[in-house]
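Both ligands and their constituent atoms are indexed starting at 1 by order of listing. Each residue takes its place number in the sequence, starting with 1.
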Amino acid sequence: MNFKRAVIKVGSALVSPEGKGCSGKYILAIAQFITACHQQNKEVILVSSGSVAAGRQLIHHGSPELAIQTKQAMAAVGQTQMMANWQRFFDVPCSQLLITHSDLKDRQRYNNIKNTLRILLDNKIIPIVNENDTVAIEELKVGDNDNLAALVALVSEADSLFILSDIDGVFTKDPRSYSDAKLIKKITEITDDIYAMAGVTKNHIATGGMKTKIEAADKATENGISTYIINGTNSQVFTQLLQHKNPGTHFVAKQEYAKAKKHWLKHTLRSNGELLLDAGAVNALVNTGASLLASGIVEVKGNFVAGDSVNVVDIATAKVIAKGICQYNANDLQRIKGCNSENIQQLLGYCSSQEIIHRNDLVIL
Ligand code: GLU
């Protein structure tokens, strides 16, 4: 098992093992693993739970059943504690992204998140994502960080998702009740039987449990992302991961995904505009597998927003040679067409992406 870009989801049970503030007990080994990944030029995005658990003892509360407003206040104070706790273990800077489901549903915001993550990773900054618990009402929430981590893996185009909790992986039965329960090392198909094996969590600190982990694995593997459920309380697992061994349950990624994405781009997505390219750009796209840069664009037609699909046309032959998802809207593209990528910032006052269409978002016709 090898990876280039991974999302690592760390559960509350690891951030705040006692449910009373943050602790370095398990976080240290996780941070060391992330640092070792960086040394191997791997990119890591963290999705960290624990804000509510970290803020728990700082807000007066009565019964163990917490009111939503109480949890939101705990999240507000716990989030900064949790971030500070992570930062202690890294020499590189950490950054905070608080998002909700409604942010991921909105195309413009989705793109903003995607571009921010890319720039942070390019600058060797660790993105730490959590749900914006303080502002989100139930209907607008992802609700648990397992599913949130799967969505972050999609936005960031990660190839792997590691879900770290305090259990070794998926078992044939609940290992806390049955001594003959066996760890399932590899799952190629997430069937109803697999869901049936997922009991309700007994850990009162965590939100998810095995069900949300399997849901997350389902989402991620459908989209070509290998997923692992791993016990983050055992520091040995990180040594194994660095040796490309699987210490937990591996959900195998669906290989059809890359094909499906190209199919979707080609056949399903309606184009809202056209970019006319010079010969150099046509050659780069068709023969060298490059992304589309502003310098090769001669003309921009149509009215589209960033994130829309556009046709890519060879100006010499007037033929559509490719289709892809454009990172800029039509107006802004009019202003940067033909320019060197380094000048985008100066011309627009922002540069959300050096590429106008990223290779992964492009299909040659
Ligand atoms: N966002 C919640 C927190 O920071 C955790 C949700 C979860 O663990 O699934 O406390």
Side-chain angles (χ1 to χ4, degrees), residues 7-23 25-27 30 45-59 61 64-87 94-104 113 126-155 161-167 198-220 227-233:
V7 168
I8 300 183
K9 187 262 170 173
V10 181
S12 298
L14 302 174
V15 175
S16 178
E18 314 297 332
K20 296 190 200 119
C22 292
S23 149
K25 187 172 174 194
Y26 301 123
I27 299 305
I30 299 170
I45 296 164
L46 257 173
V47 172
S48 181
S49 301
S51 67
V52 176
R56 200 175 176 99
Q57 98 244 53
L58 300 173
I59 300 281
H61 61 93
E65 265 322 301
L66 299 174
I68 182 85
Q69 297 91 324
T70 310
K71 272 200 212 164
Q72 288 178 323
M74 286 173 177
V77 61
Q79 179 65 24
T80 59
Q81 312 260 325
M82 188 255 276
M83 287 299 298
N85 192 40
W86 277 114
Q87 185 64 76
C94 295
S95 58
Q96 169 180 280
L97 288 88
L98 294 176
I99 58 183
T100 64
H101 199 234
S102 49
D103 298 324
L104 293 161
I113 296 167
I126 303 176
I128 304 185
V129 183
N130 194 3
E131 183 135 41
N132 196 347
D133 293 314
T134 303
V135 302
I137 55 165
E138 276 328 296
E139 298 75 51
L140 299 180
K141 285 185 84 158
V142 179
D144 66 88
N145 276 8
D146 297 320
N147 279 290
L148 178 69
L151 296 172
V152 170
L154 290 185
V155 185
L161 167 64
F162 298 100
I163 300 175
L164 304 184
S165 77
D166 57 356
I167 184 151
V200 176
T201 180
K202 288 188 178 158
N203 184 338
H204 70 283
I205 299 165
T207 309
M210 199 45 87
K211 182 168 175 278
T212 53
K213 291 178 179 42
I214 295 176
E215 281 170 4
D218 214 349
K219 271 197 192 78
T227 304
Y228 301 82
I229 296 178
I230 289 165
N231 191 341
T233 64

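Of all the atoms in ligand 1, the ones that sit under 4.0 Å from a non-hydrogen atom of Asp144 are 9 (O). Residue-ligand proximity, Asp133 to ligand 1, at heavy-atom distances under 4.0 Å covers atoms 1 (N), 2 (C), 3 (C), 4 (O). Numbered from 1 in the order shown, with element, the atoms of ligand 1 that lie under 4.0 Å from a heavy atom of Ser51 read 3 (C), 4 (O), 10 (O). If you number the atoms of ligand 1 from 1 as listed, the ones under 4.0 Å from a heavy atom of Ser49 come out as 4 (O), 5 (C), 7 (C), 8 (O).
Listed by chain and residue number, nothing satisfies the side-chain hydrogen bond (donor to acceptor under 3.5 Å, both in side chains) test with Gln72 (two or more places apart in sequence, or in another chain).
A donor-acceptor pair is defined here as one N or O able to donate and one able to accept, closer than 3.5 Å; no such pair exists between the side chain of Ser51 and the backbone of Gly78.
Close N/O approach between Ala53 and ligand 1 is not found [any backbone or side-chain N/O within under 3.5 Å]. Of the polar atoms of Met82, none of the N or O atoms is found under 3.5 Å from an N or O of ligand 1, judged by distance alone.
A pairwise comparison of heavy atoms in Ser165 and Leu14 identifies O-CD2, 3.9 Å as the closest pair.
When the heavy atoms of Val129, Val10, Asn130 are ranked by distance to atom 4 (O) of ligand 1, first place goes to Asn130.
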Residues 80-87, side-chain donor-acceptor partners within the protein, below 3.5 Å, at least two apart:
residue, atom, partner, partner atom, Å
Thr80, OG1, Val77, O, 3.0
Asn85, OD1, Arg88, NE, 3.1
Asn85, OD1, Arg88, NH2, 2.7
Asn85, ND2, Ser23, O, 3.0
Trp86, NE1, Ser48, OG, 2.9
Gln87, OE1, Cys94, N, 2.8
Gln87, NE2, Phe90, O, 3.3
Gln87, NE2, Val92, O, 3.0

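We find that Lys219 and Glu215 are not joined by a salt bridge, their nearest charged nitrogen and carboxylate oxygen being 4.0 Å or further apart.
Within the structure, the closest approach of Ala75 to ligand 1 does not fall below 4.0 Å when heavy atoms are considered.
Of the inter-residue distances, the one linking Ile45 atom CD1 with Leu97 atom CG reads 9.0 Å to the nearest 0.5 angstrom.
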